[in-house]
Amino acid sequence: MAELPPRNSITLHGMRIDRVTMEGALAYIASFIASGKPHHIVTADASMVMTYREDKDFAALVEQAALITPDGAGIIWASKRLGVPITAKVSGVDLSAKLVELSGKNGWRIFFFGGAPGIAEAAAQKMRERFPDANICGMRDGYYKADEEDTVAEQIAATKPDILLVAMGIPRQEKFIQRQKGRVGAKVYIGVGGTLDVFSGTVKRAPVWMQKSGLEWLYRISSSPNAARMKKLAALPQFARLTLTTQTKK
Ligand code: UDP
């Protein structure tokens with residue numbers, strides 16, 4: 001097997017982020033699947049860094065992640081500002097799309113978990129149109145009672161996924177992964193936020209110029225301003241203030 005690229009981790013406001021490219025992340029994922037053991041991949045955006053600083057249980061589980069990718073313009077901006085520059089973004093939605101694209105050729109079984117009822121199915125249908133050999137082994141929505149969680153995890157396990165995409169928002173998705181990775185039996189677990197909404201076409205991606213100028217978050221918030229999004233929005237000025245007031249080592 002090809003050698004893995006170094007993680008080149010940085011610490012951003014206390015939280016580790018691995019300076020990997022998309023190619024590097026895919027190489028890690030191939031090795032994680034080959035190992036047969038469970039691995040948690042975290043896709044970190046600015047709101048996650050703030051959650052990390054406020055929620056000790058969340059911080060503890062993120063510290064154990066096998067890989068933490070830089071997801072978002074806020075992370076890139078802060079890393080440059082703090083003198084530990086990250087140049088490549090590896091977002092949950094882009095990484096998930098790549099995995100679906102490669103799943104047929106590589107024989108990786110992918111499960112879509114999360115979103116409102118019908119979203120995971122619509123996402124699978126759209127991705128199968130894009131990639132006819134996509135190896136999607138199952139899907140289900142992310143709404144159930146807390147006491148049903150073990151049963152949900154067993155139902156996912158029965159489809160024998162190699163990769164479980166968990167699209168239930170930060171930190172719910174990461175906490176699910178932490179609690180249930182022993183039961184599900186996949187090798188790669190990734191919390192991917194609103195990815196299935198994007199795949200299904202329910203939420204449109206920002207125009208390319210907005211993605212390129214780092215404004216996708218603004219587009220997402222303004223196109224569906226729900227309570228969770230507003231909380232995320234509130235975290236951004238805090239993140240910016242923290243970054244602007246942090247002294248960099250000269
Ligand atoms: N969601 C879910 N179960 C819940 C709450 C939310 O499956 O109990 C889904 C919701 O339908 C949406 C996603 O989680 O598809 C959250 O997307 P968002 O982009 O807000 O996530 P974040 O930016 O926090 O990663």
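Both ligands and their constituent atoms are indexed starting at 1 by order of listing.
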So which protein heavy atom does [atom] come closest to, and at what separation?
atom: atom 7 (O) of ligand 1; answer: Gly115 N, 2.9 Å
atom: atom 22 (P) of ligand 1; answer: Lys232 NZ, 3.6 Å
atom: atom 25 (O) of ligand 1; answer: Gly193 CA, 3.1 Å
atom: atom 1 (N) of ligand 1; answer: Tyr143 OH, 3.2 Å
atom: atom 12 (C) of ligand 1; answer: Asp197 OD2, 3.3 Å
atom: atom 19 (O) of ligand 1; answer: Arg229 NH2, 3.0 Å
atom: atom 5 (C) of ligand 1; answer: Arg172 NH1, 3.0 Å

Take atom CD in Glu154; do more than 12 heavy atoms of anything else shown fall under 6.0 Å from it?
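Counting neighbours around CD of Glu154, more than 12 heavy atoms of other residues, nucleotides or ligands fall under 6.0 Å, so yes.
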Using a cut-off of 6.0 Å, state whether more than 12 heavy atoms not belonging to Glu23 lie near its atom CD.
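Open: at most 12 neighbouring heavy atoms sit under 6.0 Å from CD of Glu23.
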Are the aromatic ring centres of His13 and Tyr52 under 6.0 angstrom apart?
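Between His13 and Tyr52, the centre distance exceeds or equals 6.0 Å.
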Answer yes or no: is there an ion pair linking Asp150 with Arg183, defined by an N-O contact shorter than 4.0 Å?
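Salt bridge: yes.
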With a 4.0 Å cut-off on N to O distance, would you call Glu101 and Lys98 a salt bridge?
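Result for this pair is yes, salt bridge flagged.
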Under 4.0 Å from any heavy atom of Gly194, which atoms of ligand 1 are there?
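The list of qualifying atoms is 17 (O), 18 (P), 19 (O), 21 (O).
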So, does Asp162 use its side chain to make a donor-acceptor pair with the main chain of Trp108 at under 3.5 Å?
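Here the side-chain-to-backbone pair does not exist.
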Side chain Gln211, main chain Ala206, donor-acceptor under 3.5 Å
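Yes, the answer is positive, given that a donor and an acceptor are paired below the 3.5 Å cut-off.
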Do the non-hydrogen side-chain atoms of Ile41 and Phe32 ever get within less than 4.5 Å of each other?
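Contact flag for Ile41/Phe32 side chains = yes.
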Is the closest N or O pair between Gly142 and ligand 1 shorter than 3.5 Å?
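Right, the criterion is met.
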Nearest neighbour of atom 16 (C) of ligand 1 from the list Ala116, Pro171, Gly191, Gly169, on a heavy-atom basis:
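Of the listed residues, Gly169 has the closest heavy atom.
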Could you work out, for atom 9 (C) of ligand 1, the closest of Gly72, Gly114, Ala167 by heavy-atom distance?
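Shortest heavy-atom distance from atom 9 (C) of ligand 1: Ala167.
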Is Ile170 touching ligand 1 with its side chain, its backbone, both, or neither, if touching means heavy atoms under 4.0 Å apart?
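Near ligand 1, Ile170 shows its backbone as well as its side chain.
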